[in-house]
Amino acid sequence: MPHYLLAIDQGTTSTRAIVFNSEGKRCAQHQIELTQYYPQSGWVEHDAEEIWQSVINVCQQAVKKAGLMPEQIAGIGITNQRETTVIWNRHTGKPIYRGIVWQDRRT
């Protein structure tokens, strides 16, 4: 059974997943735009749950579009926003507030 790689690009404006074959050829991809919140001037926020759900969704859809079974994915590479900050409740695992995006003046 051939193996494939899944690349996840979780960026500021969207989340994208791309499936590559063993020769590095792109087989399929899926992308979802993210909502950006501007509660006041100079503030930029993201819903951390929306980000998480978008990652799950794009991965599932890219694998489906490629006509693969999940066990055919040999590895996953991830790139993300890096400086966006989210505070989590240690007991529930849920975010306490929206993520503060790297573009936000508070960061």
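The basis for the numbers below is simple: all heavy atoms, side chains too, and nothing from hydrogens, waters or symmetry mates. FYI, the numbering just counts along the sequence from 1.
- Surrounding NZ of Lys64 are at most 12 heavy atoms belonging to other residues, nucleotides or ligands under 6.0 Å away.
- Seen from the ring of Trp43, Arg105 does not count as a face-on cation partner, given the 6.0 Å and 45° thresholds.
- Considering OG1 of Thr12 and CD of Glu83, their distance stands at 9.0 Å, rounded to 0.5 Å.
- Contacts of Ser54 classified as side chain to side chain donor-acceptor pair (under 3.5 Å), with partners at least two apart in sequence or in another chain: Thr15.
- Side chains of Gln60 and His30: no donor on one and acceptor on the other come within 3.5 Å.
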* After noting the C-alpha distance and the side-chain angles of Gln103 and Gln36, does the key distance pass the side chain to side chain contact (heavy atoms under 4.5 Å, CB included) rule? -> CA-CA 11 Å; Gln103 300 161 312; Gln36 296 202 56; 3.6 Å; yes
* Do Ser14 and Ile32 pass the side chain to side chain contact (heavy atoms under 4.5 Å, CB included) test, and can you show the C-alpha distance, the side-chain angles, and the key distance before you say yes or no? -> CA-CA 5 Å; Ser14 70; Ile32 296 175; over 6 Å; no
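- Looking at Thr107, its side chain does come within 3.5 Å of a backbone N or O of Trp102 through a donor-acceptor pair.
- The minimum heavy-atom distance between Gln81 and Gly11, with the atom names listed, is NE2-O, 3.1 Å.
- Annotation for Ile87: atom CD1 does not count as buried by contact number, only 12 or fewer foreign heavy atoms lying within 6.0 Å.
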* Step by step, would you call Ile76 with Leu5 a side chain to side chain contact (heavy atoms under 4.5 Å, CB included)? -> CA-CA 6 Å; Ile76 299 173; Leu5 297 176; over 6 Å; no
* Begin with the C-alpha distance, continue with both residues' side-chain angles, and end with the deciding distance and a verdict on side chain to side chain contact (heavy atoms under 4.5 Å, CB included) for Asn57 and Val55. => CA-CA 5 Å; Asn57 187 310; Val55 171; over 6 Å; no
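- By the criterion of side-chain heavy atoms lying less than 4.5 angstrom apart, applied directly or through intervening Ile, Leu, Val, Met, Phe, Trp or Tyr residues, Leu68 is grouped together with Leu6 in one hydrophobic cluster.
- Contact record, Ala66 with Cys27: CB-CB, 4.3 Å, taken as the closest heavy-atom pair.
- To the nearest 0.5 angstrom, Lys25 atom NZ is 11.5 Å from Phe20 atom CZ.
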Which donor-acceptor pairs under 3.5 Å do side chains of residues 88-101 form with protein atoms, sequence neighbours excluded?
unit_1	atom_1	unit_2	atom_2	d
Asn89	OD1	His91	N	2.7
Asn89	OD1	Thr92	N	3.1
Thr92	OG1	Lys94	N	3.1
Tyr97	OH	Glu45	OE1	3.0
Tyr97	OH	Glu45	OE2	2.9
Arg98	NH1	Glu45	OE1	3.2

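- The OG1 atom of Thr84 sits 6.5 Å away from the CD1 atom of Ile51 when rounded to the nearest 0.5 Å.
- Here CD1 of Ile78 is found 4.5 Å from CD1 of Ile8. Values are rounded to the nearest 0.5 Å.
- For the pair Gln10/Leu34, a side-chain contact is recorded, criterion being any heavy-atom separation below 4.5 Å from C-beta on.
- Note: Glu50 CD to Glu33 CD = 10.5 Å, rounded to the nearest 0.5 Å.
- To the nearest 0.5 Å, atom CD of residue Gln53 and atom CG of residue Asp47 are 9.5 Å apart.
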